[in-house]
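One structure is given below, encoded as structure tokens.
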Amino acid sequence: MTIFLASVGFGLLTAAVLAIAAVGFTLQFAVTNVLNLAFAAIMTAGAFTAYGINQLGVSVWVGLPVAMVACAALSVALNLLVYAPFQRRGSAPITIVIVSLGMALIIEFGTQAVVGGISVSYKMSQGHTYKLGGLVLTTVQLAIIAISVVVMVAAYLTLRYTKLGKSMRATSANRQLARNCGIRTGRVITTTWALTGALGGLAGTVYAIDIGSFGPTSTDLFVVLILAAVFLGGPGHAYGAMLGALLIGVATEVSAAYIVPSYKYVIAFVVLLAMLAVRPTGLLGART
Amino acid sequence: MTYLITLLVYAAVDAIACLGLSLQFGVAGVTNFGFIIFQAAGAYIAAILALPPQSANGAFQHYIGGWNLPFPLPWLGAAAAGAILALPFTFLVGRRLRGDFAAVGLLVTAVLLNLLVMNYVPLFNGDAGVAIVPAPLQSQVMTTTTTGYQWGFAIGVVVLLAAVFWLVRRLTESPFGRSLRAMRDNDKIADSLGKNLLQLRTGMLVLGGAIAGLSGGVLVSFISVWSPAAWTYAETIVLFAAVIIGGRGNHVGAVLGAIIVPVGFEESTRLITNANPSLPPNLLPSLQWVAIGLLIALFLWFRPQGVLPERKRVMAVPEPAAGAAADGPLLVRQRTPPSGSPAERDTILQAIDVSRDFGGVRAVSGVSLSVARGTMTGLIGPNGAGKSTLLAVLAGTDRASSGTVRYEGQDVTGLPAYRRARLGLVRTFQLASEFKRLTVMENLLSAAPGNRGDTMRGALAGRRYWRNDEQATVGRAADILHRFGLADLANSYAGDLSGGQRRLVEIMRALMTDPAMLLLDEPMAGVHPELAHRIGEMLTQLSRDGLTVLMVEHELAIMDEFCDPVIVMADGSVLAQGTMAQLRERAEVVEAYLVG
């Protein structure tokens with residue numbers, strides 16, 4: 001029972017990190033219509049931006065917002081310089097996916113060329129360890145969960161109540177129609193790249209904090225979890241991604257407690273393939 | 001010398017793999033981001049077939065099998081392994097799943113399988129991988145380090161490359177290859193013309209897998225080791241880069257790409273490292289990946305067709321035989337109407353209470369209608385009335401949420417579009433739907449059913465096996481081209497034509513399927529009025545020959561002139577049916593059309 005509860009605690013932590021990444025990825029896809037496989041590479045870039053600042057002797061909690069800004073900029077640049085031109089030319093979706101893989105290589109291995117192939121860690125204190133009815137979590141881990149909850153609530157409020165959120169939803173549903181209704185879709189899309197890029201930077205940094213020791217290719221496997229969460233909820237559905245992240249996060253960590261930990265990704269993988277095979281629109285997606 | 005031989009073998013192995021990918025991705029448009037796992041499967045299987053049991057050599061490594069089989073069984077096993085591994089993935093490449101989602105599924109599979117093989121030692125010795133894999137004929141030749149043996153190996157691999165090249169070329173340059181390229185350019189249209197996408201893609205996954213597996217088997221018997229580090233997911237991207245740079249759909253380009261990208265990059269990295277030993281060990285390999293990412297993006301932007309673009313298949317267009325009636329029947333197949341009551345014989349297509357929902361929106365709502373044989377029936381209605389959706393449900397490119405579709409007395413509600421097309425029920429699309437990188441002639445040929453060369457087996461049997469069918473098909477296509485006045489454009493890429501010409505291509509292509517009934521979605525939209533009129537006359541003549549047409553059209557003048565009866569739809573339901581003259585008398589129709 002203790003093992004189970006402890007693994008649920010880890011699961012919530014993984015779910016918290018995963019939810020930030022999955023919501024970022026799925027919103028990006030919904031609004032911009034780019035299946036951006038470089039998202040995880042942007043997470044890596046964010047984690048290492050925070051690392052660079054941390055190396056200067058500054059707290060990683062200061063590095064975190066800097067990483068978010070940097071990733072927002074990187075994400076916007078990626079769209080303006082690469083994806084948007086390809087989309088304007090009318091390239092097939094699969095061409096843009098291939099380009100995004102190329103971008104993933106450039107960012108990920110560009111980072112590796114700068115920092116080297118070794119794994120690094122932030123200099124930070126984990127804080128107290130709290131035992132909450134069987135769940136064992138440190139201050140830092142609780143902070144990550146709190147950040148994630150704040151992000152989820154903010155995402156919900158933005159999508160539900162703000163003009164930006166409504167414009168994003170309209171652009172996602174039908175870009176042409178949204179434009180005809182007077183929504184400045186170009187601006188909405190650029191804003192989306194910035195916001196989801198910032199989410200990527202945030203996710204990358206808290207992921208790096210969570211796993212402790214990280215390298216330029218550390219997010220390669222995390223992509224499996226992100227995609228599983230996104231497809232479980234339905235690609236393009238923000239709330240679906242939240243639900244997916246929660247289910248996948250807890251399921252992988254709980255299964256890790258009972259089978260060999262290195263196989264914990266298998267459950268996410270099986271979920272992903274099953275969703276692709278049976279219901280590619282996800283649990284919350286419309287049945288076509 | 002050894003260096004040259006090694007280079008030659010690497011180049012040949014990469015070229016074999018790239019040919020597999022060139023067929024899969026370049027010709028058939030199946031984007032397999034997990035391509036490398038098929039090479040890996042071949043390598044491991046070849047290794048454990050050739051190796052002695054794991055207890056040999058002091059049992060320093062663990063693996064299953066260890067059958068100690070003689071050459072060439074390990075290589076054959078490698079190809080078989082790649083082919084068999086492809087089977088579980090066929091569920092990803094059917095009609096339902098978007099190509100990019102399927103690609104992502106395969107990419108994730110590659111990442112995960114690598115992790116599993118790395119962690120599960122009993123299978124293939126985990127992270128360390130299998131080592132000292134015997135070379136072909138090692139026990140016979142005693143030593144495999146002599147230059148003679150090495151040369152023999154290299155030549156053998158080059159011969160194998162030639163054989164694979166011959167194979168993929170034979171498939172590509174056949175009616176079967178044409179179907180693959182049609183599917184690549186527009187899979188939905190290929191489906192509506194009677195191509196079985198699942199079967200075609202499964203064939204490509206299996207064959208591409210076999211070729212990748214073979215390349216892995218050859219490689220492992222040359223380098224004698226194989227571990228997870230050799231087949232990370234990113235290696236697939238290298239092969240994609242090679243095919244994109246070399247030229248998608250051009251097999252010579254694929255070989256060239258294999259020499260430029262994997263071999264060229266490996267070697268230049270190695271040479272620079274040797275010249276500058278002081279560089280950080282990770283710098284150049286990292287930059288090599290960056291360069292590959294850059295190359296992919298730059299090529300896709302500046303030269304998407306690659307260094308050697310896909311060849312244009314120019315064909316001679318036979319002149320119509322002198323004295324042959326230029327207005328003889330265009331339809332070849334005589335269809336016997338099903339027996340039954342006279343009403344059943346007269347009705348070719350019937351919708352019974354058909355509905356189609358999208359989320360909460362009911363696009364088609366309880367539509368019942370029947371189309372009489374040999375008529376040109378019109379379907380009109382305001383925008384959003386559900387005309388195109390109804391057409392899609394009738395053709396099977398979309399499925400009905402409820403209700404029944406009967407065609408020739410048979411319930412076809414559950415049949416996919418390609419099966420209905422094979423029964424003679426063929427649709428065209430509202431949006432441009434030509435196969436862009438096929439010539440006009442090829443667009444027509446791709447739709448012809450029953451060509452003996454239009455199966456993998458038929459294509460492999462060679463040109464002699466299908467030449468007669470092809471000739472007959474070309475003759476028929478030429479006949480149609482002459483009648484529509486497009487013979488001069490037969491060898492132009494369909495993607496280069498004007499909008500009106502593309503509509504013609506689409507109608508001609510639909511006729512090539514030898515349909516009993518055509519479902520046309522705004523065939524005259526955007527077409528010059530004179531040309532529209534000619535299309536109308538063509539269709540009228542065809543309906544006199546027995547063809548039934550159901551046509552969505554906004555231009556009421558066209559309806560007036562050619563269609564009888566005309567069905568009016570509004571808000572997803574059938575409002576009225578009759579001649580245009582009758583319909584004009586009815587207030588609710590005028591209202592729906594003018595106000596709705």
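By convention in this document, chain letters (A, B, ...) are assigned in the order of the sequence lines, proteins followed by strands, and residues within each chain are numbered from 1.
Looking only at heavy-atom pairs under 4.5 Å with chain B, the residue among A:D220, A:T95, A:T111 that has the most is A:D220. With chain A as the partner, the residue from B:L283, B:I296, B:N119, B:L295 showing the most heavy-atom pairs under 4.5 Å is B:N119. Ranked by heavy-atom pairs shorter than 4.5 Å toward chain A, the options B:T232, B:L287, B:V104 are led by B:V104. In terms of non-hydrogen atom pairs under 4.5 Å with chain A, the most contact-rich of B:I292, B:L115, B:L107 is B:L115. The choice from A:V97, A:I98, A:L272, A:V223 that makes the most heavy-atom pairs within less than 4.5 Å of chain B is A:I98. Your options are A:V224, A:V99, A:L276, and the one with the most heavy-atom pairs under 4.5 Å with chain B is A:L276. Of the residues considered (A:A268, A:P280, A:A277), A:A277 shows the highest number of contacts with chain B, using heavy-atom pairs under 4.5 Å.
For B:Y233, the part lying near chain A is the side chain, with the backbone staying farther off; criterion is any non-hydrogen pair under 4.5 Å. Contact of A:P235 with chain B is made through the side chain alone, with heavy-atom distances under 4.5 Å. Heavy atoms closer than 4.5 Å to chain A are found in the side chain of B:I244, but not in its backbone. For chain A, the nearby part of B:A103 is the side chain; its heavy atoms alone come within less than 4.5 Å. A:F29 touches chain B through its side chain: at least one heavy atom from C-beta onward sits under 4.5 Å away, while N, CA, C and O do not. A:V114 does not touch chain B: none of its heavy atoms, backbone or side chain, sits under 4.5 Å away. The part of A:L35 that comes within reach of chain B is its side chain, from C-beta onward, which places non-hydrogen atoms under 4.5 angstrom from that chain. Contact annotation for A:V278: only backbone heavy atoms (N, CA, C, O) come within less than 4.5 Å of a heavy atom of chain B. Contact annotation for B:L294: both backbone and side-chain heavy atoms come within less than 4.5 Å of a heavy atom of chain A. Both the backbone and the side chain of B:L300 come within less than 4.5 Å of a heavy atom of chain A. With a threshold of 4.5 angstrom between heavy atoms, A:L37 approaches chain B through side-chain atoms but not through N, CA, C or O.
The shortest non-hydrogen separation linking B:A234 to A:L105 is CB-CD2, 4.3 Å. Between B:D100 and A:P93, the shortest heavy-atom contact is OD2-CB, 3.8 Å. When all heavy atoms of B:V290 and A:I106 are compared, the closest pair comes out as O-CG1, 3.6 Å.
Separation of atoms CD (A:Q112) and CH2 (B:W289) is listed at 10.5 Å; rounding is to 0.5 Å. Note that CZ of A:F109 and CG of B:N282 are 9.0 Å apart. Values are rounded to the nearest 0.5 Å.
No more than 12 heavy-atom neighbours from other residues, nucleotides or ligands sit within 6.0 angstrom of OH on B:Y120. When the shell of 6.0 Å around CZ of B:F299 is examined, it contains more than 12 heavy atoms from other residues, nucleotides or ligands.
With a 4.5 Å cut-off on side-chain heavy atoms, A:F269 and B:V111 do not count as touching.
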